[in-house]
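These notes concern the structure reproduced below.
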Amino acid sequence: MSEEVKSLNFIEHIIEEDLRSGYEMSQLRFRFPPEPNGYLHIGHASSICLNFGLGLKYNAPVNLRFDDTNPAKEEKEYVDAIKSDVAWLGYEWDTECYASDYFQQLYDWAMELIKDGKAYVDSQTSEQIASQKGTPTEPGSHSPYRDRSVEENLRLFEGMKNGDFKEGEHVLRAKINMASSNMLMRDPVMYRILHKAHHRTNTDWCIYPMYDWTHGESDYIEQISHSLCTLEFLPHRELYDWFLDQLVSAEKLRPKQREFARRNLSHTVVSKRKLLQLVESGVVAGWDDPRMPTISGLRRRGYTPESIKNFADTIGIAKRENVVDVSLLEFHAREHLNKIAPRVMAVLSPLKVVITNYEEGKEEWLDAENNPEDESAGYRKVPFSKELYIEQEDFREDANRKFFRLKLGGEVRLKNGYIIQANSCTKDNKGNVIEVQCTYDPLSKSGSGTEESLRKVKGTLHWVSIPHAITAEVRLYDRLFTDETPDGHKDKDFMEFVNPDSLEKVTGYLEPSLKDAQVGEQFQFQRMGYFNVDKDSTKEKMVFNRTVTLKDTWAKLEQKE
RNA sequence: UGGCCUAUGGUGUAAUUGGCAACACUACUGAUUUUGGUUCAGUCAUUCUAGGUUCGAGUCCUAGUAGGCCAACCA
């Protein structure tokens, strides 16, 4: 038993240090705080796995909190999708929370800040406020409204809340420091007027708190010990702490914000805005298009929760810029699917093979192993007959000895079936091979134990019996973007790198055992890749998605030539 | 150019906090294989640069360099 010491990431180091210096294990509490303005993507998966993983590790509760402070962008549809994605990944949240549940508390605290002279109502336009912000190298200047009396501020803020003003007429600002080197500390806006219905509070409120005045306070209300977010929020930490300083009480736990680098995936984009653009421009069919890096897209594509979690686990958490290669995600898909996906045979690019010495009209049902990685998966029957399909690329009239497939005069084994030899072929008037005539060795049947059946032939092909085959639409996916970092170019828009060939639809010929496959069910089409049944399937026509190909060393060999 | 963050194989992450640079992926060898899959074995590093402290530096110090973030009534 080699007890493998799992190395800690820097967040875990921080927590371990906190535990050593006074935190009780029972005080630990985390949260995953998405804004319901889009679907969750693979980048969120890292954050989900981090927070919920920490919860599991320390036996601490993890809240699912919707950061719903901007009714202009948020919808219930997104709330529902986010919940189902987190649940699908296999995590259970302790409490389902909404920042909107805290609107009253936040308002009350804001009133306190005004009374303390720490906040004021500014009646300038957003342009005026922006122009007074200064620049990173020059300090800002004070608003003419900065020194309004407490009474006037109170009266105006209540007026804002009561709907006495139009959008943009006033905002509430924290009175901090217009000369701070941190732009966020230059009297940040805490509230703005928005006469928009909110998906939960409807028209109860027409002032909405800003992110900075919501997040830390929500963490405090929920008594989150470690509030983990991405690196771009690092400058917000000073503000996060300033707001907390105004209201934290000594007997309660004070949350800390810590930041980690967002994970970027090669050959894709991971930004809700850009994903939305892909959806709205029609480049993809929706948020759950199998080419999308969204959780729902990956699920539909055939990724398992295990593969996504293992992926998140191996890429880890750190603070530096990164672009993780998609091949690592694909590796985890193959690794898990290899263990669980039943093997079947399907031909996606058919070439007819006729077994000339096989009796016309005869059929045999052969035994086929469902999964060599899992003995308990058992066996099924596949039909064999005189006329079969093999893959076009598995036959060549003539080829060198590195080609382990069918060629004229050569032998090959049909998986789970017989050894056949190609004798001749016929072509259409363009010179394309349209049929191969073969003979089979009746004594070479797989599993029969005869001397002939044990004979080694170099190649083994998958195949399907033409009269028994069922057809289905098979969707083959390629990377959505041709460039490794589509949004990493200053002079070019990421949309310029959209791969026009990211989806190819073909008709597949499948062994008949597949006819009862259910939506979402996963299979390995032997030698072709992993596939699952798409939700677009109907009784008349099944639809399969290719999740990922198998590793293909032959294709690489060929490419080199 | 003000402030802040980061820098370890092609990629991502480690290194018991100053003690033999490790793990995974990719790529490439080879073995096994009724999937050119799987499995197994192997190969791939001047730890951004230059100095310094130390018996000893990826780790500490100094100075550079490169990349990133910050001026929404978005989150």
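These figures come from a predicted structure and were not determined experimentally. Chain letters run A, B, ... following the sequence lines, proteins first, then strands; residues in each count from 1.
On the P atoms, rU13(B) is 22 Å away from rG18(B), given to the nearest whole Å. To the nearest whole angstrom, the two C1' atoms, one in rC48(B) and one in rU43(B), are 26 Å apart. To the nearest whole angstrom, the two P atoms, one in rU59(B) and one in rU16(B), are 13 Å apart. A distance of about 43 Å separates the C1' atoms of rC28(B) and rU62(B), rounded to the whole Å. Distance check on atom P: rA63(B) versus rC69(B) gives 25 Å, rounded to whole Å. With both ends at atom P, the span from rG58(B) to rA7(B) equals 15 Å, rounded to whole Å. When the C1' atom is compared between rA21(B) and rC61(B), the two are found 22 Å apart, to the nearest whole Å. Taking atom P on both nucleotides, rA50(B) is separated from rU46(B) by 13 Å, rounded to a whole Å.
With a cut-off of 3.5 Å on both pairing distances, the Watson-Crick and G-U wobble pairs of RNA chain B assemble into stems of 3 or more at B:2-7 with B:65-70, B:10-13 with B:22-25, B:27-31 with B:39-43, B:48-52 with B:60-64.
Applying the 90° criterion around 0 to the glycosidic angle, rU17(B) comes out syn.
The stretch residues 269-277 of chain A has no heavy atom under 4.0 Å from RNA chain B, so no residue of it qualifies as close. A heavy atom lying under 4.0 Å from RNA chain B marks the following residues of residues 163-172 of chain A, by number: G168(A), V171(A).
Candidate nucleotides rC73(B), rC74(B), rC25(B) were compared by shortest atom distance to the side chain of S126(A), and rC73(B) ranks first. When the nucleotides rC5(B), rA24(B), rC73(B) are ranked by their closest atom to the side chain of K319(A), rC5(B) comes out on top. Among rA75(B), rG68(B), rC25(B), the nucleotide with an atom closest to any side-chain atom of F331(A) is rC25(B).
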(request) Summarise protein proximity over nucleotides 33-42 of chain B in one line of letters, 5' to 3': B for base, S for sugar-phosphate only, - for none, counting protein heavy atoms closer than 4.0 Å. (result) -BBBBS----
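The main-chain N or O of E35(A) is found under 3.5 Å from a side-chain atom of K272(A) such that the two form a donor-acceptor pair. In this structure, H44(A) contributes its side chain and H41(A) its backbone to a donor-acceptor pair below 3.5 Å.
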(request) Show your reasoning for whether side-chain contact (heavy atoms from CB on, under 4.5 Å) applies to F311(A) and V324(A). (result) CA-CA 10 Å; F311(A) 170 72; V324(A) 183; 3.9 Å; yes
(message) Determine whether F243(A) and Y220(A) satisfy the following criterion, ring-ring contact (aromatic ring centres under 6.0 Å, His included), listing intermediate values before the conclusion.
(response) CA-CA 11 Å; F243(A) 279 135; Y220(A) 180 62; over 10 Å; no
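With the nearest nucleotide of RNA chain B identified for both S327(A) and V323(A), V323(A) has the one nearer the 5' end. When each of E74(A) and P235(A) is assigned the nucleotide of RNA chain B with its nearest heavy atom, P235(A) is the one assigned upstream, toward the 5' end.
Listed by chain and residue number, V269(A), S271(A), D487(A), F494(A) satisfy the side-chain contact (heavy atoms from CB on, under 4.5 Å) test with K274(A) (two or more places apart in sequence, or in another chain). Shown here are the salt bridge (charged side-chain N to carboxylate O under 4.0 Å, His left out) partners of D374(A), two or more places apart in sequence or in another chain: there are none. With sequence neighbours excluded, no residue satisfies salt bridge (charged side-chain N to carboxylate O under 4.0 Å, His left out) with R192(A). For A197(A), the side-chain contact (heavy atoms from CB on, under 4.5 Å) partners are N202(A), T203(A), not counting sequence neighbours. Remark: F404(A) engages K458(A) in a side-chain contact (heavy atoms from CB on, under 4.5 Å) (not counting sequence neighbours).
Between the side chain of H332(A) and the base of rA24(B) there is no donor-acceptor pair of N/O atoms closer than 3.5 Å.
Ring pair Y240(A)/H236(A): centre-to-centre distance not below 6.0 Å. Aromatic ring centres of Y98(A) and F66(A) lie closer together than 6.0 Å.
Counting any heavy atom pair closer than 4.0 Å across all strands shown, T125(A) reaches a base atom. Among the heavy atoms of the strands, none lies under 4.0 Å from Y191(A). As judged by a 4.0 angstrom heavy-atom cut-off over every strand, E484(A) is placed among residues making no nucleic acid contact.
Sorted by first and then second residue, the salt bridge (Lys or Arg N to Asp or Glu O under 4.0 Å) pairs involving residues 124-144 of chain A (not counting sequence neighbours) form an empty list. Sorted by first and then second residue, the salt bridge (Lys or Arg N to Asp or Glu O under 4.0 Å) pairs with a member in residues 163-174 of chain A read D122(A)-R173(A), E167(A)-K196(A); sequence neighbours excluded.
Within the 4.0 Å cut-off from OP1 or OP2 of rA27(B), at least one side-chain nitrogen or oxygen of K556(A) is found. OP1 and OP2 of rG3(B) both lie 4.0 Å or more from every side-chain N or O belonging to T137(A).
Of the N and O atoms on the side chains of R413(A) and S446(A), at least one donor lies less than 3.5 Å from an acceptor on the other residue.
With contacts defined as side-chain heavy-atom distances shorter than 4.5 Å, the pair E335(A)/S307(A) does not qualify. Counting heavy atoms from C-beta outward, E259(A) and E232(A) have side chains that stay 4.5 Å or more apart. I315(A) is not listed as a side-chain neighbour of N322(A), based on a closest heavy-atom distance of 4.5 Å or more.
Atom CG of D187(A) is separated from atom P of rA72(B) by 14 Å (rounded to the nearest Å). A straight line from CD of E321(A) to P of rU13(B) spans 10 Å, rounded to a whole angstrom. Between the CZ atom of F260(A) and the P atom of rG12(B) there is a distance of 17 Å, given to the nearest Å. One atom, CD of E12(A), and another, C1' of rA15(B), lie 15 Å apart when rounded to the nearest Å. The CZ-C1' distance, from R262(A) to rG12(B), rounds to 17 Å in whole Å. Atom C1' of nucleotide rA72(B) and atom CD of Q132(A) are separated by 16 Å, given to the nearest angstrom. rC70(B) atom P lies 14 Å from atom NZ of K133(A), rounded to whole Å. In this structure, the CD atom of E232(A) is 16 Å from the P atom of rA72(B), given to the nearest Å.
For K76(A), the NZ atom is loosely surrounded, since the number of other residues' heavy atoms within 6.0 Å does not exceed 12.
In this structure, W205(A) and F103(A) have perpendicular ring planes: the angle between them is above 60°, well past the 30° mark.
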Pairwise N/O distances under 3.5 Å, protein to nucleotides 16-21 of chain B:
unit_1	atom_1	unit_2	atom_2	d
rU17(B)	O4	H13(A)	ND1	3.1

